[in-house]
Asker: 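After the structure tokens below, expect a handful of questions from me.
This one's a predicted model, so the numbers in the text were calculated from it and none came from an experiment. Just so we're on the same page: letters track the sequence lines, and every chain starts at 1.
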2 protein chains.
Amino acid sequence: MKALTVPPHRQGADHLSVTFAALADPTRRAMLAQLALRDMSVGELAEPFDISLPAVSKHLKVLEHAGLVRRSRKAQYRPCRIDAEAMKPAVEWLGQFALLWEARFDRLEDYLAELTAKEKKRGRRK
Amino acid sequence: MKALTVPPHRQGADHLSVTFAALADPTRRAMLAQLALRDMSVGELAEPFDISLPAVSKHLKVLEHAGLVRRSRKAQYRPCRIDAEAMKPAVEWLGQFALLWEARFDRLEDYLAELTAKEKKRGRRK
DNA sequence: GTTGTATTGAACCGTACGGTTAAGTACCAG
DNA sequence: CTGGTACTTAACCGTACGGTTCAATACAAC
């Protein structure tokens with residue numbers, strides 16, 4: 001008999017895993033993209049999505065737990081602010097492999113230029 | 001009766017979500033770190049971990065599905081090779097927020113243009 | 001062909017995840 | 001105090017996820 005009520009594997013949940021997991025959802029990424037433009041209340045943030053408010057609240061809690069979003073109080077509102085610094089560990093971890101893709105392809109600069117052009121166009125939409 | 005056998009939300013599973021989800025597990029990240037050093041067979045790859053071989057096989061399938069690992073055949077072995085280029089979209093997505101942690105500028109576009117110019121130079125001189 | 005090695009597939013288990021609805025909390029306004 | 005607005009908590013549902021064990025496949029070597 002096993003007294004195995006303990007969550008077996010994902011108990012520790014290191015910060016990097018929490019961060020990547022938080023980013024692994026399109027709704028949450030869209031929320032972060034919105035918050036990159038300006039601070040927003042939960043209701044504002046929820047507006048573009050076809051999900052209930054509690055669902056939005058849950059997503060925010062995930063982002064908050066990952067340190068990607070911080071919240072305060074203003075009257076009834078709980079304005080959300082992005083904390084992009086929390087992405088640093090993820091970026092740094094990915095950066096470990098930069099040599100692997102730069103070595104094979106010397107066209108990183110071209111890729112970045114191209115992508116930046118695309119981002120410029122997409123900036124204000126949606 | 002509900003004909004709702006369809007997976008409701010996470011059906012589409014865009015590539016970025018698949019990639020981030022693949023990275024959101026310490027075992028898989030450790031596997032990628034190993035593969036960054038050299039190609040390895042499944043058995044070799046499994047050795048440092050205290051999990052069964054089928055579990056390793058599943059992890060590899062996740063990484064493969066995300067395009068992070070490619071596999072071939074050599075006798076009974078299925079050597080694994082990292083494909084770090086598959087990380088690029090994730091890195092670039094995160095790069096959108098770079099200005100938020102590196103500076104207090106207000107214009108994402110300006111920052112990106114600047115960064116791209118810098119990248120172009122750095123890429124050459126490296 | 002039989003045996004041995006490397007890896008995957010199938011079935012199962014418990015928890016996590018994203019979603020819902022309904023009820024509860026917190027704050028402002030009349 | 002009453003009502004409205006903004007959000008969260010609680011309970012539930014179905015699927016996904018990480019793990020297991022046991023059986024099957026693929027190939028090498030004898």
Asker: How close or far is atom P of dG18(C) from atom CG of Leu23(A), stated in whole angstroms?
Answerer: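 In whole Å, dG18(C) P lies 12 Å from Leu23(A) CG.
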Asker: For Ala75(A), report the nucleic acid contact type (base, sugar-phosphate, nothing); a contact means any heavy atom under 4.0 Å.
Answerer: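 Touches sugar-phosphate only.
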Asker: Just to be sure I understand the geometry, which residues of residues 58-74 of chain B put a non-hydrogen atom under 4.0 Å away from DNA chain D?
Answerer: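 When residues 58-74 of chain B is checked for heavy atoms under 4.0 Å from DNA chain D, the hits, listed by number, are Lys58(B), His59(B), Arg73(B).
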Asker: Taking atom types as modelled, find out whether Ser72(A) and Arg81(A) have a side-chain donor-acceptor pair closer than 3.5 angstrom.
Answerer: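 Per modelled atom types, Ser72(A) and Arg81(A) side chains form no pair under 3.5 Å.
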Asker: Under a cut-off of 3.5 Å for both distances of each Watson-Crick or G-U pair, what dot-bracket string does DNA chain C give, using [ ] for crossing pairs and | for inter-strand pairs?
Answerer: ||||||||||||||||||||||||||||||
Asker: Between dT8(C), dG18(D), dG19(C), spot the one nearest the side chain of Ile51(A), thanks.
Answerer: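 Output: dG19(C).
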Asker: Check the phosphate of dT20(D) against Ser52(B), side-chain N and O only, distance under 4.0 Å to OP1 or OP2. Yes or no?
Answerer: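 For Ser52(B), the contact criterion (side-chain N or O under 4.0 Å from OP1 or OP2 of dT20(D)) is met.
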Asker: Are there any protein N/O atoms within less than 3.5 Å of an N/O atom in nucleotides 4-6 of chain D, and if so, which ones and at what distance?
Answerer:
unit_1 : atom_1 : unit_2   : atom_2 : d
dA6(D) : OP1    : Tyr77(A) : OH     : 3.2

Asker: Mark yes or no for whether Arg78(A), through its side chain, and Gln76(A), through its backbone, hold a donor-acceptor pair below 3.5 Å.
Answerer: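 Side chain of Arg78(A) to backbone of Gln76(A): a pair is present.
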Asker: Starting at CE of Met40(A) and ending at P of dC7(D), how long is that distance when rounded to a whole Å?
Answerer: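 Interatomic distance, CE of Met40(A) to P of dC7(D): 11 Å.
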Asker: Just by modelled atom types, is the Glu44(A) backbone N or O under 3.5 Å from a matching donor or acceptor in the Glu47(A) side chain?
Answerer: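 Such a contact is absent between Glu47(A) side chain and Glu44(A) backbone.
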Asker: Please find the pair of heavy atoms, one from Met87(A) and one from Leu94(B), that lie closest to each other, and give the distance.
Answerer: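 Scanning both residues, the minimum pair turns out to be SD-CD2, 3.7 Å.
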Asker: Without decimals, in angstroms, what is the distance between Glu47(B) CD and dT7(C) P?
Answerer: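 Between P of dT7(C) and CD of Glu47(B): 12 Å.
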Asker: Rounded to whole Å, how long is the line connecting atom CG of Asp25(B) with atom P of dT15(C)?
Answerer: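 The answer, rounded to whole Å, is 18 Å.
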Asker: Which distance, rounded to the nearest 0.5 Å, do you find between the CG of Leu63(B) and the CG of Asp83(B)?
Answerer: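 Those atoms lie 11.5 Å apart.
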Asker: Looking at every non-hydrogen atom in both residues, tell me the closest pair between Ala21(A) and Ala24(B) and how far apart they are.
Answerer: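 So the two residues come closest at N-CB, 3.4 Å.
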Asker: Hey, does the side chain of Ser57(A) come within less than 4.0 Å of dT8(D)'s phosphate (OP1/OP2), counting only N and O?
Answerer: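 Looking at the OP1 and OP2 atoms of dT8(D), one of them is under 4.0 Å from a side-chain N or O of Ser57(A).
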Asker: Should Asp14(A) and Arg29(B) count as an ion pair when the cut-off is N to O under 4.0 Å?
Answerer: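 Here Asp14(A) pairs with Arg29(B) in a salt bridge, since their nearest N and O are under 4.0 Å apart.
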Asker: Please find the pair of heavy atoms, one from Leu35(B) and one from Cys80(B), that lie closest to each other, and give the distance.
Answerer: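 Looking at all heavy atoms of both residues, the closest pair is CD2-O, 3.5 Å.
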Asker: Take Ala55(B) and Pro79(A), find for each the nucleotide of DNA chain D with the closest heavy atom, and name the residue whose nucleotide sits nearer the 5' end.
Answerer: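 The 5'-side residue here is Pro79(A).
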Asker: Expressed as a whole number of angstroms, how long is the span from Phe49(A):CZ to dT20(C):C1'?
Answerer: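 In whole Å, dT20(C) C1' and Phe49(A) CZ are 18 Å from each other.
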Asker: Do Arg71(A) and Glu64(A) sit within salt-bridge range, that is, some charged N less than 4.0 Å from a carboxylate O?
Answerer: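 Result for this pair is yes, salt bridge flagged.
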Asker: Any Lys/Arg nitrogen of Glu85(B) or Lys88(B) sitting under 4.0 Å from an Asp/Glu carboxylate oxygen of the other?
Answerer: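 Result for this pair is yes, salt bridge flagged.
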Asker: Indicate the atoms forming the closest heavy-atom contact of Thr19(B) with Ala86(B), along with that distance.
Answerer: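 Distance-wise, the nearest heavy atoms are CG2-O, 4.1 Å.
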